[in-house]
Amino acid sequence: MLDIRRIRTDPDGVKAAIARRGDGTESLDEVITIDARRRELGAERDDIRARVNALSKQVGGLRRDGRTDEAEALQDESRQLGERERELNTEVDEIAGRVRDILLTVGNIPADECPDGDSEHDNVITRVEGYDPDSYADHQRVPHWDIATELGILDVDRAVKMSGAMFVMYRGMGARLVRALIDYALDRNRDAYEEIRPPTVVKTETMISTGHLPKFADDAYHLERDDLWAIPTAEVPLTSIGRDEVFVEAELPMKFMAHTSCFRREAGSAGRDTRGLLRVHEFDKVELLSYATPEQSAEVHADILARAESVMVELGLAYRILDLCTGDIGNSSARTFDIEAYAPGADRWLEVSSVSWFSDYQARRANIRYRPAVGKGTTVIHTLNGSGLAVPRVWAALVETHRRPDGSIRLPEALHPYLGGLTEIPAPG
RNA sequence: GGAGACGUGGCCGAGCCCGGUUGAAGGCGCUUCCCUGCUAAGGAAGUAACGUCGUAAGGCGUUCGUGGGUUCAAAUCCCACCGUCUCCGCCA
């Protein structure tokens with residue numbers, strides 16, 4: 001959520017920033033108008049309240065002194081004021097709610113450095129690592145869904161039977177590889193990130209804090225009976241750890257990581273990327289998340305990106321890093337780098353990590369603040385997060401990349417400690 | 001799910017029966033200063049957040065779990081909800 005005061009003091013600057021996203025700015029105009037009205041009416045209401053408070057005090061004194069007649073006169077006056085106060089209050093509340101509703105749908109202001117652009121086609125590829133299109137042999141040009149069938153490590157048909165399209169079920173070594181990837185990713189980051197195992201079903205308020213609601217309700221699973229939401233990412237519960245709390249600067253940056261299942265309805269993408277693990281409704285992910293001061297945020301952003309990147313290196317995958325343009329970054333984000341792993345069998349770049357700096361956008365929604373070491377008052381913190389490792393697509397790229405001519409899969413050394421000494425998924429037969 | 005008790009400031013804790021001078025006693029913690037070879041102990045002062053107006057000093061408003069209600073006036077009375085604890089039930 002944007003700071004209403006910033007919108008007030010620099011309306012043109014804010015509108016220009018939102019326009020960079022390709023979003024309309026009409027709602028901002030409306031906010032500016034009704035916010036002015038809100039303050040006007042609010043001031044009037046507060047003046048009346050001040051009068052009522054003063055009168056009530058006088059009434060108390062008069063009654064103590066037994067001057068009942070005088071007290072009753074003042075009570076009458078106060079009663080009259082009360083009616084007007086109620087009217088004003090109702091109106092102010094209404095407008096304030098309206099302001100909030102609108103602000104909840106306005107996206108974050110992109111960072112100055114965020115490249116301009118309309119869509120994913122304008123994202124800037126900042127780096128490509130380990131990728132040589134001519135280096136892949138025929139045995140690596142087999143898509144993971146075929147490999148998986150051959151090795152019996154992924155069973156899509158059975159998952160579809162029990163849960164429907166775009167659900168998957170790992171089997172045998174496939175399932176074990178999932179577990180190894182998760183453990184590896186957690187251990188890889190435990191030097192700096194506290195491991196959390198949060199709830200995966202959360203309240204509406206928790207989804208609003210990250211920006212997943214109200215705008216993107218269609219993308220999430222909703223348990224209507226209990227009004228709870230299945231999290232699309234651990235970012236959701238992790239961001240709310242500090243909701244409505246005030247930290248001291250010395251505690252920052254705070255760093256959390258969590259492995260959770262992630263649930264996505266993928267509304268609007270029916271029929272797209274449906275093969276194998278390209279896009280699924282439920283998947284495992286290790287997420288890294290940090291609360292930081294504004295000054296710390298750049299360094300933390302770089303840290304998360306470096307950690308996500310090192311996973312690609314250690315797993316022996318080719319990857320590239322994208323600097324997402326203003327038209328493609330998420331609604332809550334001010335700057336996002338994506339990591340895409342190359343899957344030679346599917347011959348596609350798969351988004352495996354999205355590393356974002358949300359500035360104070362989420363923290364203002366969640367009301368997470370800190371007390372600066374010097375000076376008075378509180379400041380809204382910054383939140384940052386990124387996937388430490390998103391399982392399905394890494395699993396896919398890994399299986400395709402490390403397939404040997406005989407059909408076996410070489411498992412990278414980094415995973416060996418998590419596989420009980422196994423170093424490969426044996427060839428079929 | 002049933003019954004009972006409770007929810008006050010950074011923390012502990014009074015106030016609630018009997019509404020007004022209580023933004024809230026007292027204590028702890030924290031900050032500054034004084035005293036003091038050092039430390040400890042002791043003394044003094046200060047110490048909430050948010051909104052709004054103001055260049056500022058400061059003014060006004062809101063906040064005693066949340067939301068409603070009664071009243072001239074609510075931490076205090078009434079209702080609903082949420083949460084915590086205890087007992088019972090159920091249970092991986």
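Labels below follow one simple rule: chain letters A, B, ... track the order of the sequence lines, proteins then strands, and each chain is numbered from 1. From a predicted model like this one, the values you see are computed outputs, not experimental measurements.
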Which base, if any, makes a Watson-Crick or G-U wobble pair with B:C90, both distances under 3.5 Å? none

So which nucleotide does B:C35 pair with, by the Watson-Crick or G-U wobble rule with both distances under 3.5 Å? none

Tell me whether the side-chain N/O atoms of A:Thr378 come closer than 4.0 Å to OP1 or OP2 in B:C50. yes

Please verify the inter-ring angle class for A:Tyr418 with A:Tyr184; under 30° counts as parallel, over 60° as perpendicular, anything in between as tilted. perpendicular

From the candidates B:G51, B:A73, B:A49, the one with an atom nearest any side-chain atom of A:Asp46 is B:G51

Round to the nearest Å and state the distance from A:Glu83 atom CD to B:U70 atom C1'. 15 Å

Measure from the side chain of A:Arg371, starting at C-beta and using heavy atoms only, and say which of B:C72, B:G61, B:A49 lies closest. B:A49

Parallel, tilted or perpendicular: which one describes the rings of A:Tyr291 and A:Phe247, with boundaries at 30° and 60°? tilted

Grab the CG-P distance between A:Asp65 and B:U21 for me, whole Å please. 14 Å

For A:Ala43, answer base if it contacts any base atom (sugar-phosphate contacts may also be present), sugar-phosphate if it contacts only those atoms, and nothing otherwise; contact means non-hydrogen atoms under 4.0 Å. nothing

Below 4.0 Å: OP1/OP2 of B:G61 and any side-chain N or O of A:Asn53: yes

Could you check whether any side-chain heavy atom of A:Leu384 comes within less than 4.5 Å of a side-chain heavy atom of A:Ile304, counting everything from C-beta outward? yes

Rounded to whole Å, how long is the line connecting atom CD of A:Glu245 with atom P of B:C50? 15 Å

For B:A92 versus B:U8, give the span between their C1' atoms, rounded off to a whole number of Å. 38 Å

First of A:Gln75 and A:Asp93 reached from the 5' end of RNA chain B, by closest nucleotide: A:Asp93

Is A:Glu245 paired with A:Arg369 through a side-chain N to carboxylate O contact shorter than 4.0 Å? no

Counterpart base for B:A40, defined by Watson-Crick or G-U wobble contacts under 3.5 Å: none

Remember a base hit wins even if backbone is also touched, and classify A:Ser56 as base, sugar-phosphate or nothing at under 4.0 Å, heavy atoms. base

If you measure from the P atom in B:A5 to the same atom in B:C91, how many Å do you get, rounded? 28 Å

For atom C1', what is the distance between B:C64 and B:A25, given to the nearest Å? 14 Å

One thing to verify: whether A:Glu44 and A:Arg84 come together as a salt bridge, which I'm taking to mean a side-chain N less than 4.0 angstrom from a carboxylate O. yes

Both distances below 3.5 Å, Watson-Crick or wobble geometry, any strand: find the nucleotide opposite B:A5. B:U84

Return the nucleotide paired to B:G10: Watson-Crick means purine N1 to pyrimidine N3 with N6-O4 or O6-N4, wobble means G-U with N1-O2 and O6-N3, both under 3.5 Å. B:C28

Quick check: on RNA chain B, is the nucleotide nearest A:Gly60 upstream (toward 5') of the one nearest A:Arg45, or the reverse? Name the residue that is more 5'. A:Gly60

Scanning all shown strands, the Watson-Crick or wobble mate of B:C17 with both distances under 3.5 Å is none

Using a cut-off of less than 4.0 Å, is there contact between a side-chain N or O of A:Arg49 and OP1 or OP2 of B:G51? no

In whole angstroms, how far is the P atom of B:U62 from the CG atom of A:Leu88? 14 Å

Please check the phosphate of B:C50 (OP1 and OP2 only) for any side-chain N or O of A:Arg369 closer than 4.0 Å. yes

Check this one for me: any side-chain N or O of A:Arg51 less than 4.0 Å away from OP1 or OP2 of B:C72? no

Which whole number of Å gives the distance between the P atom of B:G27 and that of B:G37? 29 Å

Taking atom C1' of B:U21 as reference, at what distance in whole Å does atom CG of A:Leu62 sit? 13 Å

Determine the interatomic distance between C1' on B:U66 and the same-named atom on B:G7; round to the nearest Å. 11 Å

Gap in Å between the two C1' atoms, one belonging to B:G26 and one to B:C85, rounded: 26 Å

Counting only Watson-Crick or G-U wobble pairs whose two distances fall under 3.5 Å, which nucleotide matches B:U52? B:G59

Using atom P of each nucleotide, how far apart are B:C16 and B:U71 to the nearest Å? 24 Å

Between A:Asp155 and A:Tyr170, is there a side-chain donor-acceptor contact under 3.5 Å, judged purely by atom types and distance? no

Charged N to carboxylate O under 4.0 angstrom, A:Glu150 versus A:Arg403? yes

Just the rounded figure in Å: distance from P of B:C60 to CD of A:Glu40. 22 Å

Interatomic distance at C1', B:A14 relative to B:A75, whole Å: 12 Å

In whole angstrom, what separates A:Asp3's CG from B:C50's P? 12 Å

From CZ of A:Arg39 over to C1' of B:G61, roughly how many Å is that when rounded to an integer? 16 Å

Using a strict threshold of under 4.0 Å (side-chain N to carboxylate O), is an ion pair present between A:Arg264 and A:Glu282? no

